[in-house]
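Down below is the structure, laid out as structure tokens.
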Amino acid sequence: MRDANSFDDFYRSTSGRLLRYGYAVAGDPAEAQDLVQEAYARAWRQWGKLAAHPAPEAWLRLVISRLATDRWRRLRGWRLAASRTGPPADVGPPGEDTVLLVGALRQLPARQRQALALHYLFDLPVEEIAREAAVPTGTVKSWLSRGRARLAELLPGVADEELEVNDVA
């Protein structure tokens, strides 16, 4: 059985040292925090046995070292793949139209935004959106219609044809 009080005491007395150890092993403060957090989570799951261990802090250091090694191995695979494909292309800043559209979309209710995104970004038909949202097709048609109408108000320079106002009615 796990004793929360003894684990809390153990955590308070060792966490600072183990965080410094994790930083020394990983070389990155955020990575060290992740490693130490995962190690303590594993320790808590086994605290009934670990509390009786002669050196529970040493056990945690071993776990942190192994977790760091696993992460380095995974990163090595990513680095190898990146070296074969080369660096990704530079992405420029968003255009003015994108900024305006995103600002307008943020003013729509979540369901209308979701329906518009599924319909236009994923090319999903109304029936599939209705199935995914667990609503009748008429509701999705309403969301799309109202969403496009509101976008037309928010983006007065955009032609109705660009918003495809009549394709769902």
Side-chain angles (χ1 to χ4, degrees), residues 1-125 127-136 139-140 143-144 147:
M1 180 164 184
R2 295 185 287 197
D3 177 18
N5 290 331
S6 68
F7 183 81
D8 288 347
D9 292 340
F10 173 72
Y11 176 81
R12 281 189 206 97
S13 67
T14 60
S15 61
R17 284 190 305 274
L18 287 173
L19 187 57
R20 286 188 295 277
Y21 176 73
Y23 179 62
V25 169
D28 177 60
E31 186 74 20
Q33 289 174 342
D34 289 346
L35 294 171
V36 172
Q37 178 180 358
E38 178 62 26
Y40 276 111
R42 291 180 183 197
W44 171 246
R45 285 193 298 266
Q46 298 181 29
W47 188 243
K49 289 186 223 171
L50 191 57
H53 191 279
E57 187 173 354
W59 183 89
L60 275 170
R61 284 193 306 269
L62 179 63
V63 170
I64 291 168
S65 298
R66 288 180 177 170
L67 288 169
T69 301
D70 290 346
R71 289 181 189 219
W72 277 107
R73 286 179 183 152
R74 277 195 304 272
L75 285 175
R76 185 176 61 207
W78 281 106
R79 278 190 229 108
L80 181 61
S83 70
R84 290 180 183 161
T85 60
D90 288 338
V91 177
E96 183 180 342
D97 291 342
T98 302
V99 172
L100 292 173
L101 178 60
V102 169
L105 284 169
R106 285 184 177 155
Q107 295 180 45
L108 298 178
R111 290 301 211 160
Q112 290 176 11
R113 266 194 326 267
Q114 178 187 17
L116 289 166
L118 290 172
H119 188 67
Y120 291 106
L121 297 178
F122 291 98
D123 293 322
L124 293 183
E127 294 77 20
E128 197 166 334
I129 297 169
R131 234 184 344 270
E132 189 170 314
V135 296
T139 302
V140 173
W143 289 342
L144 289 170

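Just so you know, residue 1 is the first one in the sequence shown, and it goes up from there. Since this is a predicted model, take the numbers as computed values, not measurements.
Ring orientation note: the planes of Phe10 and Phe7 are tilted relative to one another, at an angle of 30° to 60°.
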Could you give the side-chain donor-acceptor pairs of residues 31-40 under 3.5 Å, partners two or more places apart or in another chain?
unit_1: Glu31; atom_1: OE2; unit_2: Arg71; atom_2: NH1; d: 3.0
unit_1: Glu38; atom_1: OE2; unit_2: Arg42; atom_2: NE; d: 2.8
unit_1: Tyr40; atom_1: OH; unit_2: Thr14; atom_2: OG1; d: 2.5
unit_1: Tyr40; atom_1: OH; unit_2: Ser15; atom_2: N; d: 3.2

Ignoring hydrogens and angles, write down the donor-acceptor pairs under 3.5 Å from the side chains of residues 52-69, residues two or more places apart or on other chains.
unit_1: His53; atom_1: ND1; unit_2: Ala55; atom_2: N; d: 2.8
unit_1: His53; atom_1: ND1; unit_2: Ala55; atom_2: O; d: 3.3
unit_1: Glu57; atom_1: OE1; unit_2: Arg17; atom_2: NH2; d: 2.9
unit_1: Glu57; atom_1: OE2; unit_2: Arg17; atom_2: NE; d: 2.9
unit_1: Glu57; atom_1: OE2; unit_2: Arg17; atom_2: NH2; d: 3.4
unit_1: Ser65; atom_1: OG; unit_2: Tyr21; atom_2: OH; d: 2.5
unit_1: Ser65; atom_1: OG; unit_2: Arg61; atom_2: O; d: 3.0
unit_1: Thr69; atom_1: OG1; unit_2: Ser65; atom_2: O; d: 2.9

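To the nearest 0.5 Å, atoms CH2 (Trp47) and CG (Asp8) are separated by 9.5 Å.
Shown here are the side-chain hydrogen bond (donor to acceptor under 3.5 Å, both in side chains) partners of Gln114, two or more places apart in sequence or in another chain: Arg111. Under the rule for a side-chain contact (heavy atoms from CB on, under 4.5 Å), the partners of Pro125 that lie at least two apart in sequence or sit in another chain are Glu127, Glu128. Remark: Asp97 engages no residue in a salt bridge (charged side-chain N to carboxylate O under 4.0 Å, His left out) (not counting sequence neighbours).
The shortest heavy-atom contact between Trp72 and Ala26 is CZ2-O, 4.1 Å. Shortest non-hydrogen contact noted between His119 and Leu144 is CB-CD2, 3.9 Å.
Among residues at least two apart or in separate chains, salt bridge (Lys or Arg N to Asp or Glu O under 4.0 Å) pairs with a member in residues 72-92 are Asp70-Arg73.
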